[in-house]
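Take a look at the structure below.
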Amino acid sequence: MTMEKIRVGVLGATGMVGQNYIRLLENHPWFEVGYVAASPNSAGKTYEEAVSGRWHMNTDIPKSVRKLVVGDANIVENAVGKCSFVFSALGGDKNEIKAVEKSYASKDIPVVSNCSAHRHTENVPMLIPEINAEHIEIIPAQKKANSWNKGFIAVKPNCSLQSYLTPVYALMKAGYIVKRIIITTMQAVSGAGYPGVPSLDMVDNIVPYIGGEEEKTEDEPKKILGRIENGKFVYNESIKISAHCNRVPVVDGHTACVSLEFGSKKPSLEEIKKIWAEFRSVPQELKLPFAPSQPIIYREEINRPQPRKDRDADKGMAVSIGRLRECKVFDIRFVGLSHNTVRGAAGGGILNAELLKAKGFFD
Ligand code: NAP
């Protein structure tokens with residue numbers, strides 16, 4: 001028996017993340033794109049006209065989307081009746097995105113967002129389903145507080161976190177206290193959207209600053225690793241994180257060099273590799289279509305992971321780790337890598353939506 005697919009909308013469909021949604025949703029077993037929206041500049045054009053000359057994917061625009069007429073994402077009424085929920089990959093002013101996403105939720109259209117606008121909004125879960133799938137349980141409180149019926153907002157964190165937080169969480173889940181982490185990220189240019197960082201700044205260069213990124217890398221894990229108490233999130237303040245975020249001339253794939261300090265109980269390097277190899281969580285248990293079969297892949301080669309070779313691991317949804325060794329200041333060091341526009345953006349958003357669907361939030 002074939003299941004009827006849920007029609008979804010993509011806000012910011014013409015951008016770097018939006019194009020990845022369009023690419024990744026082609027032939028999705030549960031979802032199909034019924035609506036696309038972007039800025040007023042693109043509104044009124046067919047999707048293929050709107051992205052003409054700036055389609056960045058390595059596959060062609062899916063046939064089913066080419067002729068869809070792009071709506072103005074700011075006008076919610078355009079989406080009504082065309083989709084059951086939207087993925088939000090909107091660029092622009094954060095406060096405007098905040099208001100736009102709320103207006104969709106208020107019109108019974110749930111929002112699964114990539115944007116930072118609502119990441120710290122009370123009652124909005126910030127999800128990495130392998131870590132905190134249970135945070136979706138806050139959604140009824142969010143709906144109640146806003147007097148929303150079917151609508152709600154769920155978000156994913158910043159792309160920089162994906163390269164290291166799941167491996168760190170796996171160690172915590174295995175019973176080890178993590179006290180302090182120092183992270184140095186080397187982030188791909190696609191993380192800045194299109195056209196992003198000027199080529200003359202990037203070629204033959206490294207830019208040791210990405211606005212707001214270090215704060216997000218340090219603060220967002222506190223909510224993700226936090227808990228719900230009396231209908232509210234209690235942030236996990238016990239881990240201290242210090243981040244250096246750098247933009248490097250790599251197209252896709254964020255790398256993170258991590259030094260980590262445990263509490264008094266310290267696992268051996270072999271034990272850590274075993275924990276990572278065996279780590280499975282809710283998306284794997286639920287067999288969600290976008291779940292990587294092995295969320296953390298350890299590479300024994302001395303010079304891996306590398307963006308070009310490892311970013312596409314398990315459809316771009318797995319985190320690749322390597323170079324685990326002792327640290328002379330903290331306890332251990334390792335290198336993590338994940339695909340920023342897949343696991344860190346559109347693929348992560350799709351996995352969140354699959355979790356929400358599996359748990360009945362779109363019924
Ligand atoms: P982008 O390439 O600049 O695309 C922005 C999209 O938003 C385009 O579709 C654009 O439409 C639309 N837009 C811009 N201003 C608008 C407005 N005032 N009203 C309605 N639509 C508007 O950016 P991106 O890299 O895809 O990022 C999109 C969002 O995802 C951002 O919030 C970003 O922080 C977040 N994010 C990005 C990444 C990544 O790796 N790139 C990772 C995680 C999260 P037009 O084409 O018509 O201008």
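This structure is a prediction, so every number in the text was calculated from the model and none was measured. One is the number of the first residue; the rest follow in order along the sequence. Every number for a ligand or one of its atoms is a count from 1 in the order of the listing.
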Does the ring centre of [Y] sit less than 6.0 Å away from the ring centre of [X]?
X: Tyr209; Y: His244; result: no
X: Phe85; Y: Phe31; result: yes
X: Trp276; Y: Phe334; result: yes

TODO: Answer yes if Val80 and Val86 sit in the same cluster of Ile, Leu, Val, Met, Phe, Trp and Tyr residues linked by side chain heavy atoms under 4.5 Å apart, and no otherwise.
DONE: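 Linked, Val80 and Val86 end up in one cluster.
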
TODO: Let me know which protein residues bring a heavy atom to under 4.0 Å of ligand 1; chain then number is fine for ordering.
DONE: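 Under the 4.0 Å cut-off, ligand 1 touches Gly12, Ala13, Thr14, Gly15, Met16, Val17, Ala38, Ser39, Ser42, Arg54, Asn74, Ala89, Leu90, Gly91, Asn114, Cys115, Cys159, Ser190, Gly191, Gly193, Tyr194, Asn340, Thr341, Gly344, Ala345.
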
Open item on the list: Enumerate the side chain to side chain donor-acceptor pair (under 3.5 Å) contacts for residues 97-106, please, sequence neighbours excluded, ordered by first and then second residue.
Closed with: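 Found Ser88-Glu101, Glu101-Ser113.
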
- [ ] Using only heavy-atom distances, determine whether the side chains of Asn340 and Ser190 contain a donor-acceptor pair under 3.5 Å.
- [x]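 Side chains of Asn340 and Ser190: pair found under 3.5 Å.
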
